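The structure under discussion appears below in the form of structure tokens.
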Amino acid sequence: MDPFDVTGGGVADDARLDKAIEPLVRSHPTRSGVVTLPDGRDAFAARVLLADAAERTLDAQYYIWHQDQSGTLLFEALHRAAERGVRVRLLLDDNNTTGLDKLLAALNGHPNIEVRLFNPFRFRRWRAFGYLTDFARLNRRMHNKAFIADNEAAIVGGRNIGDEYFDAGEAPWFVDLDVLAIGPVISEVAHDFERYWESEPSRPAECVLPAVDSLAIAGLPTIASRVRHAPAAQSYMQALARRPFVDDLLAGRLEFDWVDTHLVSDDPAKALGRAAGEALLWPRLRRILGRPEHELELVSPYFVPTGAGVDYFTDTAKRGVAISVMTNALEATDVAAVHAGYAKWRKSLLKAGIKLFELKRLSSPPAVRDRGLTGHSASSLHAKALSVDRSRIFIGSLNFDPRSARLNTEMGFVIDSPQLADALADTFASDLFERMYEVRLSDAGELQWIEQQNGSRIIHNKEPDAGLRRRAIVFVLSFLPIEWLL
């Protein structure tokens, strides 16, 4: 049998994950092993592998979990683990569970599965009414993302669960980044999951969702089987089977970077507006990463620096620190309002010497009506990372905007790794450069977007591939007092 049977058989008994991990951890007792997962298919395979290899516990914590191809297959992986006797816990933010109530209730009905909803809506059907009557609470969400097997291995990063995060189904897809970790840092991830699981905003599913009968529970494998045998899923699974990632991990050939790694996360009380300032992730992250001396590279799909952030970047640049920021171009962003919160600061940042790069839309948009402020883009940036002096790096769920700083809870790894920091910095000069615009100021002080295409240099004097209506929306929104919500 294949050690990783992508058709649903799981991991063979003679290829358990702990056999591959334990010798590595014993050889590096004071360091954690980390490997980045920039490829969506490897990121999906890694999660299925952890689920199928788990023998004792499986904990998952996410902001979004779609009931599409990849989401259904991972729901099935959790159910498979529970059928083997693994204790499975699933903690989901309730903001994106529309249409999932019956499925989550069915999973929760399994004797080995517990489901909790973070900051749940009281009105299951009329959620907009919930926002109208309880906005201050429901506006705060759990944005964390973690997948933990047997408290031995964990995946932390920017990806939610859904086809767009794993290069599955049809575009749009996201450019994203996770970290697979083993070693001492796993105890920090496990402790943090417990902290959120037991927190006040985390409610048992049976207290929120209607009960389901045994037939709904028994029907879970049937639903997954229909998805798994669809032609698109078959093609995706066959592509996974050809990738070397899982075999390399199980055979001990995967090259981990053995470095000092620590988890940073918000106090879950932030979701209630009760967390003390020193318990928030952003100020802690700045203390841990330290004061940049030479270089600062920042990657964020939603970048809203605010006036205070512009002052920080300006002061840092005046000290001779080279600062580069990568975010989404207007054509690629899926939230025009957030782009408005960034666009109005571009000239100030450029005048201070900060380099701005905007990722292009990577494929044609789907044939659906543009939903304006909240509609999906074609493929766009979703990774969140920060590199300081090519020596320390943060990878996690934190967007560099007021919402992540003040409203939503976030988490991520701080990794002392010149190798990973170098890799992030090099993306600004790699082949990814042809997939970005560099934003500059003309001699007249106006914005220009510089595009490299087949060795040629193209200059745009307006936001590229963004229609007049979309540009007008951003212009109007930039004057509204909504920055604190972005």
Side-chain angles (χ1 to χ4, degrees), residues 32-38 43 46-47 59-64 91 93 118 141-148 153-161 165 174-196 257 259-268 270-271 275 278-290 292 296-303 325-327 381-388 391-417 419-421 423-424 427:
S32 296
V34 297
V35 60
T36 57
L37 300 172
R47 286 166 171 82
D59 296 325
Q61 177 183 12
Y62 283 95
Y63 174 61
I64 294 172
L91 176 59
D93 184 89
F118 194 90
R141 309 311 318 175
M142 182 191 74
H143 198 237
N144 308 40
K145 302 117 171 44
F147 200 92
I148 315 159
I155 299 170
V156 168
R159 285 185 179 90
N160 295 296
I161 305 299
Y165 303 98
F174 284 123
V175 176
D176 220 324
L177 184 63
D178 292 322
V179 176
L180 170 64
I182 59 177
V185 75
I186 301 306
S187 62
E188 299 177 26
V189 182
H191 173 76
D192 197 63
F193 180 88
E194 292 290 344
R195 183 169 68 143
Y196 274 81
D257 196 5
V259 290
D260 289 331
T261 304
H262 295 284
L263 181 79
V264 287
S265 75
D266 278 312
D267 185 333
K270 181 182 180 184
E278 61 271 15
L280 298 181
L281 188 152
W282 178 238
R284 290 175 57 214
L285 185 60
R286 287 180 59 179
R287 289 195 299 270
I288 293 169
L289 289 173
L296 177 64
E297 284 86 22
L298 187 153
V299 178
S300 180
Y302 310 124
F303 176 59
V325 176
M326 184 194 300
T327 189
L381 182 70
H382 195 260
K384 311 102 167 54
L386 176 66
S387 171
V388 175
S391 61
R392 300 177 302 284
I393 188 170
F394 168 83
I395 298 174
S397 67
L398 177 77
N399 290 303
F400 295 89
D401 58 22
R403 172 162 290 279
S404 281
R406 302 168 190 165
L407 297 174
N408 292 349
T409 67
E410 308 286 354
M411 68 186 298
F413 285 139
V414 173
I415 306 169
D416 290 337
S417 172
Q419 178 180 338
L420 292 184
L424 179 68
T427 62

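Residue indices begin at 1 and follow the sequence shown. The figures that follow rest on heavy atoms only: side chains count, while hydrogens, waters and symmetry mates do not. Note that the structure is a prediction, hence the values are computed from the model and not measured.
Looking at heavy atoms from C-beta onward, Thr261 lies out of side-chain contact with Val414 at the 4.5 angstrom threshold. Tyr302 places none of its side-chain heavy atoms less than 4.5 Å from the side chain of Thr327. With contacts defined as side-chain heavy-atom distances shorter than 4.5 Å, the pair Asp267/Leu280 does not qualify. The shortest side-chain heavy-atom distance between Asn144 and Tyr63 does not fall under the 4.5 Å cut-off. Inter-residue side-chain proximity for Leu386 and Glu297 is flagged as unmet; no heavy-atom pair is nearer than 4.5 Å.
For the residue pair Asn408/Arg141, the side-chain donor-acceptor check at 3.5 Å is not satisfied. A side-chain donor-acceptor contact under 3.5 Å links Asn160 and Tyr165.
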* Apply side-chain contact (heavy atoms from CB on, under 4.5 Å) to Ile393 and Phe413, showing your working. => CA-CA 8 Å; Ile393 188 170; Phe413 285 139; over 6 Å; no
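Residues passing the salt bridge (Lys or Arg N to Asp or Glu O under 4.0 Å) test with Asp401, sequence neighbours excluded: none. Under the ring-ring contact (aromatic ring centres under 6.0 Å, His included) criterion, Phe400 pairs with Trp282, not counting sequence neighbours. Taking Arg284 as the reference, nothing meets the salt bridge (Lys or Arg N to Asp or Glu O under 4.0 Å) condition, with sequence neighbours excluded. Residues passing the side chain to side chain donor-acceptor pair (under 3.5 Å) test with Glu410, sequence neighbours excluded: His143, Ser397, Ser404. Annotation: side-chain contact (heavy atoms from CB on, under 4.5 Å) contacts of Ala271 (sequence neighbours excluded): Phe118, Pro201, Thr409.
Between Arg195 and Asp192, at least one side-chain N (NZ, or NE/NH1/NH2) sits under 4.0 Å from a carboxylate O, which counts as a salt bridge.
For the pair Ser32 (side chain) and Val185 (backbone), a donor-acceptor distance under 3.5 Å is present.
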Kindly list each side-chain donor-acceptor pair under 3.5 angstrom involving residues 174-181, sequence neighbours excluded, with atom names and distances?
residue : atom : partner : partner atom : Å
Asp176  : OD2  : His382  : ND1          : 2.6
Asp178  : OD1  : Gly158  : N            : 3.2
Asp178  : OD1  : Arg159  : N            : 3.2
Asp178  : OD2  : Arg47   : NH1          : 3.1
Asp178  : OD2  : Arg47   : NH2          : 2.9
Asp178  : OD2  : Arg159  : NH1          : 3.0

